[in-house]
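Notes to accompany the following structure.
Proteins come first, then strands; the chains are lettered A, B, ... in the order of their sequence lines, and each starts at number 1.
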There are 2 protein chains.
Amino acid sequence: MSITGFEDMLERHDLKKTRPRLSVLNILSKRQAATSQPDLEEVLGNEVDRVTLYRVLKTFEEKGIIHKILDVNGTANYAMCGPACSEHSHYDEHVHFNCTVCFRVYCLDHLAIPKLSMPHGFEAGTVNLIVYGICGDCSKKAAAYKAAEDKVSS
Amino acid sequence: MSITGFEDMLERHDLKKTRPRLSVLNILSKRQAATSQPDLEEVLGNEVDRVTLYRVLKTFEEKGIIHKILDVNGTANYAMCGPACSEHSHYDEHVHFNCTVCFRVYCLDHLAIPKLSMPHGFEAGTVNLIVYGICGDCSKKAAAYKAAEDKVSS
DNA sequence: TTTTAAAAGCATCTTAGTTGCATTTATTTT
DNA sequence: AAAATAAATGCAACTAAGATGCTTTTAAAA
């Protein structure tokens with residue numbers, strides 16, 4: 001998305017067009033995997049204050065611009081929302097994949113979360129389905145490494 | 001389970017029968033909902049050192065005695081494992097329910113996690129399905145409160 | 001009873017996330 | 001275009017979960 005696109009987006013949500021906000025949108029929109037808060041902090045360096053970053057992420061989440069996924073360590077990761085998200089409801093009911101090697105979090109948008117029937121009295125809200133495992137990149141690397149090792153030992 | 005039961009359990013896993021370990025087993029076995037680390041810490045008071053508690057929980061998890069569930073805040077919660085769990089594999093592929101009012105985590109043992117087909121190259125390991133919502137207790141309380149309010153205002 | 005490896009305890013550190021308050025700035029009003 | 005203002009940023013300090021290194025204690029074995 002272009003800069004003007006982001007500015008329009010902020011305007012639509014009644015948010016001021018500020019540098020920290022535009023920076024965050026820029027970074028997140030370029031990534032296909034979700035990005036952790038500490039990761040964002042590092043990328044932004046001292047361009048944006050740590051607390052400001054937390055607040056930007058919080059308001060973006062509330063406005064339905066990004067969504068939060070907790071990874072295997074309990075750390076918050078963020079990804080851009082699909083167009084169906086709004087201030088009032090998040091339609092991010094897709095499966096997430098958390099690689100246990102590189103810790104990246106992928107949104108598997110095409111995998112819908114199956115419907116579940118709750119026990120009597122339990123009211124279901126958001127459903128979170130996260131698969132831990134090894135991502136394509138890391139399993140490829142592991143395979144290449146193994147092949148190289150086999151060659152050496154032969 | 002009886003004290004002797006816990007002692008046998010520790011022995012089976014080649015773990016020494018120590019007070020901190022027996023205390024933790026005692027507490028967790030009495031709960032039907034999962035218990036957070038901070039909660040355990042509070043219950044144990046200065047009976048057990050904080051660090052020791054972390055280590056006890058870690059080894060129990062590794063040995064397949066308990067399993068860890070991250071709640072909506074990213075905090076670790078622990079519950080006793082079913083009999084099918086071992087050092088080598090956890091069979092805790094049931095749904096968890098995290099109440100957003102009282103923050104309790106329930107194991108919905110009877111709700112199996114549906115099978116999912118991963119994208120090419122992705123190797124799935126553990127699957128984590130957690131439903132956020134309002135538990136039976138809290139929705140009952142909310143209903144009772146509402147009823148009382150209606151009575152007053154009428 | 002002695003030995004010893006494992007576990008507990010203690011101090012200290014790291015890191016994610018929060019709170020309160022002063023300062024700055026994007027936008028609105030004049 | 002300048003002044004006003006509400007919103008957002010920046011800063012300092014705090015909280016809480018969890019980790020690490022090292023010493024002391026203790027369960028179990030010799």
| According to a strict under-4.0 Å criterion, is A:Thr75 in side-chain N/O contact with OP1 or OP2 of C:dA16? |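 No, outside the criterion.
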| query | Between B:Arg50 and D:dG18, is there a side-chain N or O to OP1/OP2 distance below 4.0 Å? | reply | no
| field | First encountered from the 5' end of DNA chain C, between A:Ala76 and B:Asp49 | value |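 Of the two residues, B:Asp49 wins.
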Spacing of [X] atom [atom1] relative to [N] atom [atom2], expressed in whole Å:
X       : N      : atom1 : atom2 : answer
B:Tyr54 : D:dA17 : OH    : P     : 6 Å
A:Gln37 : C:dT18 : CD    : C1'   : 12 Å
A:Lys58 : C:dA16 : NZ    : P     : 18 Å
A:Glu61 : C:dG17 : CD    : P     : 11 Å
A:Asn77 : C:dA16 : CG    : C1'   : 12 Å
B:Leu10 : C:dA8  : CG    : C1'   : 15 Å
B:Asp71 : D:dA16 : CG    : P     : 15 Å
A:Asp14 : C:dT28 : CG    : C1'   : 14 Å

| request: Specify whether A:Phe122 and B:Phe97 have parallel, tilted or perpendicular ring planes, treating 30° as the upper limit for parallel and 60° as the lower limit for perpendicular. | output: perpendicular
| task | Can you check whether any acceptor in the base of D:dG18 is under 3.5 Å from a donor in the side chain of B:Arg55, or vice versa? | result | no
| request: With sequence neighbours excluded, give me every side chain to side chain donor-acceptor pair (under 3.5 Å) pair touching residues 44-53 of chain A. | output: A:Ser23-A:Glu47
| task | Inspect the contact between A:Asp14 and A:Lys63 and indicate whether a charged nitrogen and a carboxylate oxygen are less than 4.0 angstrom apart. | result | no
| query | Under 4.0 Å between a Lys/Arg side-chain N and an Asp/Glu carboxylate O for B:Asp39 and B:Arg104? | reply | no
| Given the rule in the side chain to side chain contact (heavy atoms under 4.5 Å, CB included) test, do B:Leu40 and B:Leu53 qualify, once you have shown the distances and angles that lead to the verdict? | CA-CA 8 Å; B:Leu40 278 167; B:Leu53 176 56; 4.0 Å; yes
Every protein N/O within reach of nucleotides 27-29 of chain D N/O, cut-off under 3.5 Å:
unit_1	atom_1	unit_2	atom_2	d
D:dA28	OP1	B:Lys17	N	3.2

| said: Using the side-chain heavy atoms of A:Val48, tell me which of these nucleotides is nearest: D:dA8, D:dG10, C:dG9. | reply: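 Closest nucleotide among those given: D:dG10.
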| So, B:Asn98 versus B:Asp71: side-chain donor-acceptor pair below 3.5 Å or not? |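 Absent: no donor and acceptor within the cut-off.
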| Side chain of A:Ser139, backbone of B:Gly121: donor and acceptor closer than 3.5 Å? | yes
